[in-house]
Colleague: 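Below is the structure I would like to discuss, written out as structure tokens.
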Amino acid sequence: MPRPPAARRPAAPDVRPDRRLRAFVITVLVALSLLAGRLVQLQGADAAELAQAALDQRVHTSTLYAQRGDVVDANGVVLATSVERRDVVADPSIIASYNTGSDGTARDASLPQGAAGAARELAPILGVDEAALTTTLTGSGPEDRYALVAVGITPELWQRVSDADVAGVTSERTSQRIYPSGSAASTLVGVLGTAETEDGKTQDRPLSGLEYAENDLLEGVDGEVRYERSLGGQEIPLGETETTEPVDGTSLHLTIDSDLQWKAASAIAAQVEATGAESGTVVVMDAQQRLLALASSPSIDPADLTSFTNEELNNTALTESFEPGSTAKVITMAAALEEGTSTAASEFTVPDELKRSTKVFHDSHEHEDQQLTLAGILAESSNTGTILAGEELDAQTLYDYQRAFGLGEETGMDFPGETGGILATPEEYSGTQRYTVMFGQGMSVNAVQAASVFATVANDGVRVQPSLIAGTSDPDGNYRAADAPAASRVLSSQTAKTLRDMMQAVVSEEGTAAAADIPGYLVAGKTGTAQRYDIDCGCYRGYTASFIGMAPADDPQLVVAVILQDPKTNYYGGSAAGPVFKDVMSYALQQRRIAPSTAAPAGLALTWGAGE
């Protein structure tokens, strides 16, 4: 009989159920303690650091650009100012989500997503290539938060960009320098260029003129604003904001008259072209040596800085040094009159050639011996006659007068690139230099220095340091006049008057500058036709033609100096520079409503002896 199956023993009950519960509880407690510890770390020890990191991700810093000071003329006419512009910037990490819904599909099926879609919206507005803009908006990688989209657009154009409502596209306020006077004053006022900074932005950089010389005053101090922004790049209302206000620049008030500057610039540019000259300069100043115009040709168009040369940036009235030639004879005559070695009527027998030291000196035209007075020597611009009068002075005395008239040093205006010229001391003279400096060779000046000599004579013998800046005004419009320039007496008023009378003959039919005569006004001046030193060859090549004069000669108000460097078709000072003087001076006299002369011409005797 089969054996019945053995009955199964029931499973033994868990004699220690609390062990499993205890292990579970311990595990839970450990996890909770870790979480609590991490929570304490996050909310306690690391809270400030983490909060700052989060804030840094939200905070954006923008520069608040200071308004650059204006440059205005003596009548408040603006020569340089700044207008608002905008730089368009984008956050590529936000642009990547453009036209993308929460489900990852395009909100607008007619537009691509991301940078391509944003570029399609913005490219027509900005007038740029869509593919290139797509590359810009894509950025260099997922961490890229900044892309420069457009530079210097107008506020009106920025409004159109803003109306496109592309999240992640914002703007930074900047400015553009404009020059209403154009090229007429560009070498004087100067220009601003742009330079790229390390972060890819552009920054104004003064290149020349007063923009460069007075940059510390003009540029001001930029400020900045820090604010929290949303993922869309917009400022979070009531978010953290910190602002450092900019300090705007100081404005410059010049002694320049913008209309007269334009006239001088136009006149010299036309004559440079007509004579084939390398360059030309016109200086206009009043008798107190306030500069009313400083024009040079060639010049630069500040509205087009795509290409230019250093020569076009320079204002040659101050940066170009040249041998003045016969205009410097005025100093020799002044010294002779003031020291009493000659009078206007002193008589000289003037030969065509005169040997001194190792050189034979000649006049510009061959002639028989002439019986000339000192006034006649100046009127005919005789080199040999000037030597005869000048050698009655010792070399040191003549040098002292040259220095007293302002030669051999800069004008004190601190203009960039200004040259002080060259004036050797008597101890440094070569054998012939003792004589050549009497008629303006073997020395050099700039055009303002040369004009200053004549302004000193116009001002009854008192030299005033030439001035260009009348004053300044702070950002609130408070005006401060510049300090009065230094003044010194060089000649007696009687010597100055005698010189003016002598120089009237230069503009007469008997003189060398009949082309500078102005009907209704007595004009006193002097021509210059000097051999030109060419630094390229280290030799004399070509000529410097000049005329410097004052009007009305009976009551001098204005001085105009005209300099032409290396004219090709006509190199005589009277016929090449004289007409420009007449054109500019006539305009200035009428513009400033200066009354015509009432006195009779001086009528000094130019010759002596038989036939007088």
Side-chain angles (χ1 to χ4, degrees), residues 50-65 84-176 194-205 222 224-237 239-242:
L50 291 171
Q52 186 61 49
L55 181 62
D56 289 343
Q57 289 183 339
R58 299 193 305 274
V59 167
H60 178 70
T61 301
S62 290
T63 300
L64 298 177
Y65 292 98
E84 180 183 345
R85 292 292 182 262
R86 294 279 177 164
D87 288 349
V88 180
V89 298
D91 186 335
S93 66
I94 298 174
I95 296 292
S97 301
Y98 179 76
N99 194 32
T100 301
S102 57
D103 60 354
T105 61
R107 291 192 180 97
D108 183 348
S110 65
L111 282 177
Q113 294 175 258
R120 184 164 297 179
E121 285 281 350
L122 298 177
I125 300 174
L126 293 171
V128 297
D129 180 72
E130 183 178 321
L133 183 57
T134 299
T135 301
T136 299
L137 295 176
T138 300
S140 58
E143 302 300 320
D144 192 356
R145 301 294 306 274
Y146 183 91
L148 186 61
V149 176
V151 175
I153 68 171
T154 64
E156 293 77 14
L157 183 55
W158 161 244
Q159 187 59 54
R160 292 177 56 198
V161 172
S162 179
D163 291 343
D165 198 24
V166 177
V169 173
T170 57
S171 75
E172 296 176 345
R173 181 172 176 169
T174 182
S175 64
Q176 178 185 352
T194 56
E196 188 171 317
T197 60
E198 293 181 356
D199 58 5
K201 298 181 182 180
T202 58
Q203 183 177 24
D204 287 338
R205 180 170 64 95
D222 292 340
E224 67 175 24
V225 58
R226 300 176 71 250
Y227 61 89
E228 292 184 74
R229 62 179 183 177
S230 66
L231 289 176
Q234 305 303 314
E235 183 175 355
I236 298 174
E240 182 174 320
T241 303
E242 181 180 344

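None of the values given here were measured: they were computed from a predicted structure.
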Colleague: Rounded to the nearest 0.5 Å, what separates atom CD in E121 from atom CG in L126?
Modeller: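 Going from the CD atom of E121 to the CG atom of L126 covers 11.5 Å.
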
Colleague: Is the shortest distance from a Lys or Arg side-chain nitrogen in E84 or R86 to a carboxylate oxygen in the other one below 4.0 Å?
Modeller: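 The answer is yes: the pair qualifies as a salt bridge.
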
Colleague: Can you sort out the partners of T100 under side chain to side chain contact (heavy atoms under 4.5 Å, CB included), two or more places apart, ordered by chain and number?
Modeller: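 Once residues adjacent in sequence are excluded, the partners of T100 under the side chain to side chain contact (heavy atoms under 4.5 Å, CB included) criterion are Q113.
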
Colleague: Any side-chain heavy atom of T134 sitting closer than 4.5 Å to one from T138?
Modeller: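 Yes, side chains in contact.
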
Colleague: D87 versus L148: any side-chain heavy-atom pair under 4.5 Å?
Modeller: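 A side-chain contact under 4.5 Å exists here.
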
Colleague: Can you name the side chain to side chain contact (heavy atoms under 4.5 Å, CB included) partners of R160, sequence neighbours left out?
Modeller: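 Checked R160 against side chain to side chain contact (heavy atoms under 4.5 Å, CB included); matches are I125, L157.
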
Colleague: Provide the closest heavy-atom pair for L137 versus A119 in the form atom of the first, atom of the second, distance.
Modeller: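 Scanning both residues completely, I find the closest heavy atoms to be CD1-N, 3.7 Å.
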
Colleague: If you look at every heavy atom in Y146 and V89, which pair is closest and at what distance?
Modeller: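 For Y146 and V89, the tightest heavy-atom pair comes out as OH-CG1, 3.3 Å.
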
Colleague: For side chain to side chain donor-acceptor pair (under 3.5 Å), just list the numbers for R145 and S93, CA-CA rounded to whole Å, side-chain angles, deciding distance to a tenth of an Å, and then say yes or no.
Modeller: CA-CA 6 Å; R145 301 294 306 274; S93 66; 3.0 Å; yes

Colleague: Identify the heavy atoms of L122 and A164 that sit nearest to each other, and give their distance.
Modeller: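 Closest heavy-atom pair between L122 and A164: CD2-CB, 4.0 Å.
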
Colleague: What's the separation between atom OH in Y98 and atom CG in D108, rounded to the nearest 0.5 Å?
Modeller: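 Those atoms lie 7.5 Å apart.
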
Colleague: Tell me every residue that passes side chain to side chain contact (heavy atoms under 4.5 Å, CB included) with R120, counting only those two or more places apart in sequence or in another chain.
Modeller: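 Per chain and number, R120 pairs via side chain to side chain contact (heavy atoms under 4.5 Å, CB included) with L111, P112, E130.
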
Colleague: What I'd like to find out is whether the side chain of V169 reaches to under 4.5 Å of the side chain of V161, using heavy atoms alone.
Modeller: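 Contact flag for V169/V161 side chains = yes.
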
Colleague: If you compare all heavy atoms of T174 against all heavy atoms of Y65, which two are closest, and at what distance to 0.1 Å?
Modeller: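 Of all heavy-atom pairs spanning T174 and Y65, the closest is CA-CD1, 3.8 Å.
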
Colleague: Side chain to side chain contact (heavy atoms under 4.5 Å, CB included), that's the test. Do L64 and D222 meet it? Break it down for me.
Modeller: CA-CA 6 Å; L64 298 177; D222 292 340; over 6 Å; no

Colleague: What are the two closest non-hydrogen atoms of I95 and A167, and how far apart are they?
Modeller: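 Shortest heavy-atom separation between I95 and A167 comes out as CD1-O, 3.4 Å.
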
Colleague: Please check if the side chain of T136 supplies one atom and the backbone of A132 the other of a donor-acceptor pair under 3.5 Å.
Modeller: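 Indeed, once roles are kept as given, a pair shorter than 3.5 Å links the two residues.
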
Colleague: So, taking the atom named CZ in R85 and the one named CD in Q176, what distance separates them when rounded to the nearest 0.5 Å?
Modeller: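 Rounded to the nearest 0.5 Å, the CZ-CD separation comes out at 4.5 Å.
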
Colleague: Please report the shortest heavy-atom distance between A118 and V166, naming the atom on each side.
Modeller: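 Closest approach of A118 to V166, heavy atoms only: CB-CG1, 3.9 Å.
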
